Amino acid sequence: MRVAAYCRTSTNQEKQNSSLENQIAYYTTFIQSNPKWRFAAVYAGQASGQHTQNRPG
């Protein structure tokens, strides 16, 4: 099974950059540790949850 993760923070504030990096690292490791899963991708975004514009991930 191909598995992807979606990670996000709600603002572009510098203090949330590490949160996004931590989420990406955690879910990448989590997905890759399951031998029944095939890692597909991590989609990530930093924006308000109210708008989907300007979210390429």
Side-chain angles (χ1 to χ4, degrees):
M1 175 186 313
R2 292 183 56 165
V3 178
Y6 177 64
C7 304
R8 66 177 297 275
T9 59
S10 58
T11 69
N12 288 328
Q13 293 180 359
E14 187 175 325
K15 64 183 177 182
Q16 288 200 351
N17 287 339
S18 62
S19 173
L20 185 61
E21 292 169 6
N22 290 339
Q23 289 178 58
I24 292 169
Y26 173 81
Y27 285 108
T28 298
T29 301
F30 181 73
I31 293 168
Q32 291 176 336
S33 69
N34 188 323
K36 295 182 180 184
W37 293 347
R38 189 169 140 218
F39 180 75
V42 171
Y43 299 95
Q46 291 177 306
S48 166
Q50 298 174 353
H51 303 287
T52 58
Q53 299 167 345
N54 300 321
R55 271 200 236 168

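The model shown is predicted, which means the values in this text are computed figures rather than measured ones.
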Do Val3 and Phe39 have side-chain heavy atoms sitting under 4.5 Å apart?
no
Please tabulate, one pair per line, all N/O donor-acceptor pairs under 3.5 Å involving side-chain atoms of residues 29-37, not counting sequence neighbours.
| unit_1 | atom_1 | unit_2 | atom_2 | d |
| --- | --- | --- | --- | --- |
| Thr29 | OG1 | Ala25 | O | 3.0 |
| Ser33 | OG | Thr29 | O | 3.4 |
| Ser33 | OG | Phe30 | O | 2.8 |
| Asn34 | OD1 | Lys36 | N | 2.8 |

For Ala41, side chain to side chain contact (heavy atoms under 4.5 Å, CB included) partners two or more places apart:
Tyr43
Do you know which two heavy atoms are closest between Arg8 and Gln23, and how far apart they sit?
O-NE2, 3.1 Å
